[in-house]
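Structure record follows, encoded as structure tokens.
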Amino acid sequence: MSAQTGNKTDNLLAILKLQPVVPVLIVDDAASAVLLARALVAGGLKAIEITMRTPAALDAVKAVAAEVEGAHVGAGTILNARDFDAAVKAGSTFIVSPGVSPGVLSAAKGSPVPLLPGAATASEVMTLREAGFGVLKFFPAEQAGGAAYLKALSSPLAGTLFCPTGGISLKNARDYLSLPNVVCVGGSWVAPKELVAAGDWAGITKLASEAAALKG
Ligand code: 3PG
């Protein structure tokens with residue numbers, strides 16, 4: 001299995017520590033992704049995950065990487081090595097996966113770009129620890145057991161840090177952020193479909209500012 005120690009983990013942590021909330025975006029076109037990313041950065045959310053769930057996603061990563069000053073764009077929903085490599089080529093500074101697979105691990109091993117792999121059980125966390133991963137995405141956070149579940153993992157699996165994602169909003173983000181093993185949370189609530197469709201970038205900046213002000 002691949003290892004991710006030293007610099008790559010440090011680089012990932014530096015990006016994740018920029019803010020308490022990493023926006024998780026599903027984008028329909030690259031041009032509006034740029035405007036959306038600018039609105040999020042203006043609100044204080046600089047690390048942004050664009051999920052590879054739409055045909056526009058790769059172009060959106062490219063455009064945000066090239067055109068949005070201050071943004072650290074990552075690619076999410078990476079399910080195989082081909083998508084990992086394409087996302088890196090497009091300019092992703094970090095890669096997020098909902099879980100873990102041999103293909104994704106092998107792509108991560110050959111790349112200078114850090115991977116945030118997903119885990120939801122003690123065994124998955126242990127497997128990824130053995131592969132050298134000390135920072136994981138806890139997914140799907142609310143559905144898997146929420147903050148209480150993650151808290152229960154923190155003692156036996158001390159030393160592993162998490163970015164919980166899935167079902168998190170302004171209402172419950174603090175439950176996670178107050179845990180010692182949580183670096184940040186991820187969520188789509190800062191970029192609601194209706195505001196994006198309406199081009200309400202000021203509304204999105206306001207949501208981003210509220211999220212950026214969250215403390216543990
Ligand atoms: C996802 O990958 O879809 C993220 O977990 C976002 O989840 P959310 O929409 O519940 O914030």
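Below, each value reflects all heavy atoms present in this structure, side chains not excepted, and no hydrogens, waters or symmetry copies.
The two residues Leu214 and Ala173 come nearest to each other via the heavy atoms CD1-CB, 3.6 Å. Scanning both residues, Ser92 and Ala75, for their nearest heavy atoms gives OG-CB, 3.4 Å. Of all heavy-atom pairs between Ala119 and Leu136, the closest is CB-CD1, 4.1 Å. Closest approach of Trp189 to Val21, counting heavy atoms only: CH2-CG1, 3.5 Å. Nearest heavy atom pair, residue Ala60 against residue Val27, reads CB-CG2, 3.6 Å. The minimum heavy-atom distance linking Val113 with Phe84 is given by the pair O-CZ, 4.0 Å.
Using a distance-only test at 3.5 Å, with no hydrogens or angles considered, a donor-acceptor pair links the side chain of Gln19 to the main chain of Ala47. No donor-acceptor pair under 3.5 Å is formed between the side chain of Asn172 and the backbone N or O of Asp175. Judged purely by atom type and a 3.5 angstrom limit, Arg38 uses its side chain to pair as donor or acceptor with the backbone of Glu67. Judged by distance alone, the side chain of Ser111 and the main-chain N or O of Ala108 form no donor-acceptor pair under 3.5 Å.
One distance of note links CG of Leu116 with CD1 of Ile78; it measures 12.0 Å at 0.5 Å rounding. Taking CG of Asp83 as the start and CG of Asn80 as the end, the distance is 4.0 Å to the nearest 0.5 Å. Note that the NZ atom of Lys137 and the CG atom of Leu16 stand 11.5 Å from one another [nearest 0.5 Å]. Atom-to-atom distance recorded for Met126:CE and Leu157:CG is 7.0 Å, nearest 0.5 angstrom. Considering CZ of Phe133 and OG1 of Thr9, their distance stands at 7.5 Å, rounded to 0.5 Å. Atom-to-atom distance recorded for Lys46:NZ and Glu69:CD is 10.0 Å, nearest 0.5 angstrom.
Note on Val41: it clusters hydrophobically with Leu36, by side-chain heavy-atom contacts below 4.5 Å among ILVMFWY residues. Hydrophobic clustering of Ile, Leu, Val, Met, Phe, Trp and Tyr side chains at less than 4.5 Å, counting indirect connections, keeps Ile26 apart from Val96. One hydrophobic cluster holds both Val61 and Leu45 under the rule that ILVMFWY side chains link at heavy-atom gaps under 4.5 Å. Using a 4.5 Å cut-off between side-chain heavy atoms of Ile, Leu, Val, Met, Phe, Trp and Tyr, with links allowed through other members, Leu35 and Val190 fall into the same hydrophobic cluster. Taking hydrophobic clusters as Ile, Leu, Val, Met, Phe, Trp and Tyr residues chained together by side-chain heavy-atom distances below 4.5 Å, Ile48 does not share a cluster with Phe94.
Residues Leu79 and Met52 fail the side-chain proximity criterion, which asks for heavy atoms closer than 4.5 Å. By the 4.5 Å heavy-atom criterion applied to side chains, Glu210 and Leu207 are counted as neighbours. The closest side-chain heavy-atom distance from Thr93 to Ile15 is below 4.5 Å. Side chains of Asn181 and Thr160 form no contact here, defined as non-hydrogen atoms less than 4.5 Å apart. Between Val24 and Thr165 there is a side-chain heavy-atom pair separated by less than 4.5 Å. Between Leu25 and Leu40, some side-chain heavy-atom pair lies under the 4.5 Å cut-off.
For the side-chain contact (heavy atoms from CB on, under 4.5 Å) criterion with Leu128, the lone passing option out of Leu115, Val135, Leu105 is Leu105. Only one option out of Pro164, Cys163, Pro20 pairs with Cys184 in a side-chain contact (heavy atoms from CB on, under 4.5 Å); it is Cys163.
Ring orientation note: the planes of Phe162 and Phe138 are nearly perpendicular, at an angle over 60° on the 30°/60° scale.
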Go through it in stages, so that I can follow the logic: the residues are Val68 and Val73, the test is side-chain contact (heavy atoms from CB on, under 4.5 Å), and I'd like the CA-CA distance, side-chain angles, deciding distance and then a yes or no. CA-CA 9 Å; Val68 183; Val73 64; over 6 Å; no
side-chain contact (heavy atoms from CB on, under 4.5 Å), that's the test. Do Val196 and Trp201 meet it? Break it down for me. CA-CA 7 Å; Val196 175; Trp201 311 123; 4.2 Å; yes
Trace of the side-chain contact (heavy atoms from CB on, under 4.5 Å) decision for Val64 with Ile50: CA-CA 10 Å; Val64 171; Ile50 294 179; 4.0 Å; yes
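Atom CD of Gln143 sits in a crowded spot, with more than 12 heavy atoms from other residues, nucleotides or ligands closer than 6.0 Å.
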